[in-house]
Amino acid sequence: MTITHKLALIGFGTVGQGLAEILLAKGDELADRYGVRFQVVAVSDLLKGSLYDPAGLDLAALLDAARRTGKLHDYADPRPAREPQSGWDSLRTIRESNADTVVEISWTDVQTGQPAIDHVKAAFGSGKHAVLTNKGPVALAYRELDELAAAQGVLFRFEGTVMSGTPTIRLARSALAGCQISQMQGILNGTTNYILTQMEGGQSYADSLAEAQRLGYAEADPTADVEGWDAAGKAVILANVLMGGDLRVADVDRTGISGLSLADVEAARAAGERWKLIARVWQEDNVARASVRPTRLPLSHPLAGVSGAVNACTYTTDLLGDVTLIGPGAGRTETGYAVLGDLLEIVREA
Ligand code: HSE
């Protein structure tokens with residue numbers, strides 16, 4: 001038997017389109033393997049417009065409209081006599097659509113976490129599960145949102161906030177559930193790791209940053225990357241979600257990489273070491289703490305060999321010692337996959 005799990009996508013940018021492409025390509029395979037078919041019933045995007053069809057929208061037509069004009073009113077449903085509702089705003093879509101899960105992937109203000117926090121609250125208030133990929137709302141309001149979801153008997157998942165689809169949170173919560181994790185050390189920002197790798201090849205800091213921007217790794221304001229704010233937000237999520245912390249980004253002892261020169265990189269190389277921007281989360285007197293700082297690692301360290309825009313995370317555990325996970329930390333398909341992993345978990349656990 002195959003069940004249908006209905007989705008409302010709040011936002012239809014890179015991540016939403018990445019998810020739609022995955023569902024289009026793998027819909028039959030997911031139905032065969034897991035007995036579930038994910039059906040997008042609604043899309044609401046501030047710039048592109050909105051559509052709602054309680055019986056499901058056509059994914060290829062949605063992607064086609066996004067590609068052709070970027071406007072959902074150009075959506076042409078190939079099936080006869082289908083007239084999706086248009087013009088619903090995000091909150092109406094969340095509250096009144098027949099979705100089982102709201103996928104919150106809109107543009108979010110990282111200072112306030114809005115409007116994503118209100119979107120997630122509205123989803124819980126109307127009995128819907130929520131998945132999101134923007135770190136702001138989780139870094140700012142994890143505890144409140146988690147308690148609200150539990151009170152409403154719905155699920156809240158956000159794997160894509162740290163290392164995109166590389167299952168950092170899921171590894172700790174599920175596969176390492178029987179272990180105590182005493183520390184996490186990670187390379188959680190691809191832009192800075194890319195810059196440091198390029199500098200090892202002799203390229204200047206400024207040229208390496210410009211290249212990271214051109215390749216699309218960097219945040220809109222790259223200060224968030226190079227000064228360690230992005231990594232600090234991710235460290236806060238891991239501290240609060242995995243170690244019972246109650247940290248804010250301002251609580252993270254944070255230094256970025258903008259003070260590192262080619263001479264510093266060369267000095268480390270001559271000593272058989274490498275600079276990495278290391279995010280660290282640990283317990284001290286039963287209180288979670290976090291830091292982000294450039295660190296010289298010996299080449300034998302598992303994180304020293306992680307080059308380019310790749311991310312990695314080492315959990316130190318009581319029963320297994322160190323467990324290291326290496327994988328992509330950003331990207332259209334990679335973050336779309338983070339949402340898919342969360343959706344499959346919701347279907348299994350709900
Ligand atoms: N700017 C981020 C990075 C993107 O470089 O890792 C993913 O959060």
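Basis for what follows: all heavy atoms, side chains included, without hydrogens, waters or symmetry-related copies. Both counts, for ligands and for their atoms, begin at 1 and track the order of listing.
Nearest to atom 6 (O) of ligand 1 among the protein's heavy atoms is Gly190 N, 2.8 Å. The protein atom (non-hydrogen) at minimum distance from atom 8 (O) of ligand 1 is Lys234 NZ, 2.8 Å. Nearest protein heavy-atom neighbour of atom 4 (C) of ligand 1: Glu219 OE2, 3.3 Å. Among protein heavy atoms, atom 5 (O) of ligand 1 sits closest to Thr191 OG1, 2.6 Å.
Looking only at side-chain heavy atoms (C-beta outward), Ile346 and His5 come within less than 4.5 Å of each other.
Not one N or O of Asn311 is nearer than 3.5 Å to an N or O of ligand 1, by distance alone. By the 3.5 Å distance cut-off applied to N or O atoms, Ala218 is not counted among the residues near ligand 1.
The only member of Arg170, Arg157, Arg348, Arg173 that meets salt bridge (charged side-chain N to carboxylate O under 4.0 Å, His left out) when paired with Asp342 is Arg170.
Looking at Arg293 and Asp253, a side-chain N of the basic residue comes within less than 4.0 Å of a carboxylate O on the acidic one, giving a salt bridge. Salt bridge annotation for Arg269-Glu273: absent, with no cationic side-chain nitrogen under 4.0 angstrom from a carboxylate oxygen.
Of the possible polar contacts, one joining the Lys234 side chain to the Leu188 backbone as a donor-acceptor pair under 3.5 Å is found.
Between atom CG of residue Leu196 and atom CG of residue Asp264 there is a gap of 10.5 Å, rounded to the nearest 0.5 Å.
With a heavy-atom cut-off of 4.0 Å, Asp225 touches ligand 1 through its side chain alone.
Per-residue contacts place Gly329 under 4.0 angstrom from the following atoms of ligand 1 (heavy atoms of the residue considered): 7 (C).
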